[in-house]
Amino acid sequence: MKKLTIFLISLLAFNFLFADIISDKNYNFTLDIPEGFNVKDANEANYSYHFEHPNIPVQFILKIYEKKNSSSFSILEEAMSKLKAKASFDRVLWEENDCTVSQFDMNLGKDYSGWACSAPLEVKDSYITVITYADKDKAPACQQFMISLLNSLTVSDITCQNPGLFMAYAFPKEGDKTVNLNIDGEKITSKIDKTDEEASQFLVDLEFGVLSLYASHPMWKEAWQRYYRLIFRDNYGRLSRVSEDIFARLYPECEKKRKDDPNTEYVSRLLSWVQDFKYERHQTKASSDLTPPVMAVCGDGNDCDSRSLLMCCIMQRAGIDSILLISREYSHALCAFDIMGQGQTFETSYGSYLMCETTAKVTPGMIAQEQADRSKWIVVD
C-alpha cells in the first residue's frame, strides 16, 4: 500500500512557505488542511489516518478505499455505518466526478457532529473519504473550519484548477451570465456562471473565518498563504472563460506589437487595466475586505489583493508563471511574473519574477521605494 506524505516546506530552504499539505502522487490527490494538525493514529496497511488539532476541537479521518463495483455514495455510506453515525447524504457532481457529501452525528464515547465527503480517485476502483468532526456542543462554532478542510480536497489536475467539492455542493451551476469588459479600448464579451459572484464571496468569508483563528498563532504566515491560495484556486476556475476570452482577443495584438516578448506586453496591458479599477475597502471584524477577483471583473470595488489575485489568475491561464506577494508590515499586496523587463524583481528558488503594482499607474517593475524590503514580503505560489 502506498504511503501518505505530509509536506512541510521550509522558508529558509525554498523561499516558499506552505501550510500543511497532504499529498499523494500515486493517487493524485491533495488536501490543503488548516495549519497545526497532528497525526493521532495511522494504519498504513489500510491507508487510514486520524488527525487532531491541538488548539481547535476538530478531528478528521482520511481513508482510501480500493473496492470494485462501488460508488462514492456506497463508500461513504459504509464508512458512516461503521461509525454508527446518523447521517444524511447528498450526491454532488464535481467536475464530472460523482461525489457524495454527508452531514452527521455520532457517538464515540461522547457526542460529535461533523461533515464528510467521498470522491473517486484517478486510480481505478479507488475512493477517498474525509470525515471531519467536533464535539457536538462546539461543532456550530467549528463549522467554517470543517467545511474549509473538506473543500480543500483535490482529486485530479482538473479539480486542482476549479472550485472545491463543497462549493460545487453548496452552489450548483445555474447557467451563464454575460460579462462585458473594456480593456484599452477593446470591448470583450465573456461569461461566468450566475452563481459565481455569490459563491466566490461565500468562499472568501469562509476562509477569512478560518484565517481569523490564526491571528496570534505561530503559523500565522502559513495561514495567510493558505487563505490566498484557496481563494486563487476558487476564482481561477470561475474566471477560466474570462481569462481565455481576454487572451484570445489581446494576445495576438501583443505578438504583433512586440514579437520578441509578447508576454511582457500582455502583462503591461492587463496591469494598466486593473490599475483603473474602482478602489473600495470595507472590512468588519466578521468579514474580509477582499473582493473576490470574479466580482472585481464584474465591477465591484476592490483593492490591491483583489487586483493582484486577478492578474495571477489571468496570467497563469495564459501560461505566464505568477506569484502573489503579501505584506503585513506594508498592509499591501503585489503580483509578480516570470517575464522580462526593467525594474524591481523578487528572487525565488524557481527564478526571478518582475514585481507589479496594481493600485498606482506605473509600469511593470516599478514599486514604491518604501516597500522595497524583500524580507517583509510573503510569497504565495
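Starting from 1, each residue takes its place in the sequence as its number.
- Using a cut-off of 4.0 Å between Lys/Arg side-chain N and Asp/Glu carboxylate O, Glu78 and Lys82 are scored as salt-bridged.
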*salt bridge (Lys or Arg N to Asp or Glu O under 4.0 Å) between Glu329 and Lys376, intermediate numbers included*: CA-CA 7 Å; Glu329 289 83 358; Lys376 291 182 170 58; over 6 Å; no
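- Within a 6.0 Å sphere centred on NZ of Lys187, other residues, nucleotides and ligands contribute 12 heavy atoms or fewer.
- Using a 4.5 Å heavy-atom cutoff, the side chains of Leu203 and Ile231 are in contact.
- A salt bridge links Lys257 with Glu265: the closest approach of a Lys/Arg side-chain nitrogen to an acidic carboxylate oxygen falls below 4.0 angstrom.
- Between Tyr353 and Ala336, the shortest heavy-atom distance links the atoms CB-CB, 3.6 Å.
- Sorted by first and then second residue, the ring pair (Phe, Tyr, Trp, His ring centres under 6.0 Å) pairs involving residues 315-341 (not counting sequence neighbours) are Tyr330-Trp377.
- Applying the side-chain contact (heavy atoms from CB on, under 4.5 Å) test to Lys86 and every residue at least two apart in sequence or in another chain returns nothing.
- Closest approach of Asn162 and Gly237 over heavy atoms only: OD1-CA, 3.5 Å.
- With hydrogens and angles disregarded, no donor-acceptor distance shorter than 3.5 Å links the side chain of Ser308 to the backbone of Leu324.
- The CG atom of Leu270 lies 5.0 Å from the CD1 atom of Ile314; values are rounded to the nearest 0.5 Å.
- Residues Phe51 and Phe60 place their aromatic rings such that the two centres sit under 6.0 Å apart.
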Practice problem: I would like to know whether Leu230 and Val210 meet side-chain contact (heavy atoms from CB on, under 4.5 Å); could you show each step before the answer? | Solution: CA-CA 12 Å; Leu230 295 183; Val210 176; over 6 Å; no
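- In plain terms, the two heavy atoms of Ser118 and Tyr127 that are nearest each other are OG-CB, 4.4 Å.
- Applying the ring pair (Phe, Tyr, Trp, His ring centres under 6.0 Å) criterion to Tyr65, with sequence neighbours excluded, gives no partner residue.
- In this structure a side-chain-to-backbone donor-acceptor pair under 3.5 Å is present from Gln316 to Ser322.
- In terms of the ring pair (Phe, Tyr, Trp, His ring centres under 6.0 Å) criterion, Tyr227 has no residue partners (sequence neighbours excluded).
- Taking Ile, Leu, Val, Met, Phe, Trp and Tyr as hydrophobic and joining them when side-chain heavy atoms fall under 4.5 Å apart, one finds Val362 in a cluster with Met366.
- More than 12 heavy atoms of other shown residues, nucleotides or ligands fall within 6.0 angstrom of atom CD in Glu370.
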task: Show your working on salt bridge (Lys or Arg N to Asp or Glu O under 4.0 Å) between Arg241 and Asp245 and close with a plain yes or no.
output: CA-CA 6 Å; Arg241 284 185 290 183; Asp245 289 338; over 6 Å; no
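- Looking at Ser306, its side chain never comes within 3.5 Å of a backbone N or O of Pro293 through a donor-acceptor pair.
- One finds the CG atom of Leu31 at 12.0 Å from the CG atom of Asp24 (value rounded to the nearest 0.5 Å).
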Practice item. Start with the C-alpha gap between Ser327 and Gln371, add the side-chain angles, then the distance that decides, and say whether side-chain contact (heavy atoms from CB on, under 4.5 Å) holds. Key: CA-CA 9 Å; Ser327 173; Gln371 296 176 352; over 6 Å; no
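- Taking 4.0 Å as the cut-off between side-chain N and carboxylate O, Glu207 and Arg226 count as a salt-bridged pair.
- Side chain to side chain, Thr154 and Thr30 meet the donor-acceptor criterion of an N or O pair below 3.5 Å.
- What you find for Glu197 and Val294 is that their closest heavy atoms are CA-CG1, 4.3 Å.
- In this structure, Ile75 CD1 and Ser70 OG are separated by 4.0 Å, a value rounded to the nearest 0.5 Å.
- Of the inter-residue distances, the one linking Lys177 atom NZ with Ile192 atom CD1 reads 5.0 Å to the nearest 0.5 angstrom.
- Remark: Asp193 engages Lys173, Glu174, Thr195, Asp196 in a side-chain contact (heavy atoms from CB on, under 4.5 Å) (not counting sequence neighbours).
- Contacts classified as salt bridge (Lys or Arg N to Asp or Glu O under 4.0 Å) and involving residues 304-325 (residues at least two apart or in different chains) are given here: Glu244-Arg317, Arg281-Asp305.
- Residue pairs meeting the salt bridge (Lys or Arg N to Asp or Glu O under 4.0 Å) criterion with at least one partner in residues 121-135, sequence neighbours excluded, are Lys110-Asp135.
- Inspection of the Lys138 and Ser113 side chains reveals no N or O donor paired with an N or O acceptor under 3.5 Å.
- Partners of Tyr169 under the ring pair (Phe, Tyr, Trp, His ring centres under 6.0 Å) rule, at least two apart in sequence or in another chain, are Phe166.
- Remark: the backbone N or O of Val179 is not paired with any side-chain donor or acceptor of Ser190 at under 3.5 angstrom.
- For the atom pair CE (Met315) and OG (Ser243), the distance works out to 9.0 Å, reported to the nearest 0.5 Å.
- Listed for the Gln275 side chain is a donor-acceptor partner under 3.5 Å among the backbone atoms of Glu357.
- Annotation for Phe29 and Leu62: closest pair CE1-CD1, 4.1 Å, computed over non-hydrogen atoms.
- Here the closest non-hydrogen pair linking Asp338 and Ser352 is OD1-O, 3.9 Å.
- Legend: residues meeting ring pair (Phe, Tyr, Trp, His ring centres under 6.0 Å) with His50, ordered by chain and number and at least two apart, are absent.
- Side-chain contact, Asp157 with Gln161: no donor N or O sits under 3.5 Å from an acceptor N or O.
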TODO: Kindly determine whether Tyr251 and Tyr266 satisfy ring pair (Phe, Tyr, Trp, His ring centres under 6.0 Å), including the steps that lead there.
DONE: CA-CA 6 Å; Tyr251 198 82; Tyr266 190 60; 5.4 Å; yes
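- Atom NE2 of His217 sits about 7.0 Å away from atom CD1 of Ile56, to the nearest 0.5 Å.
- Here Tyr133 sits in one hydrophobic cluster together with Ile61, Phe73, Leu76, Met80, Leu83, Phe89, Phe104, Met106, Leu108, Tyr112, Ile131; the rule is ILVMFWY side chains under 4.5 Å apart, joined directly or through other members.
- Not counting sequence neighbours, the partners of Ala134 by the side-chain contact (heavy atoms from CB on, under 4.5 Å) test are Val58, Ala139, Cys142, Met146.
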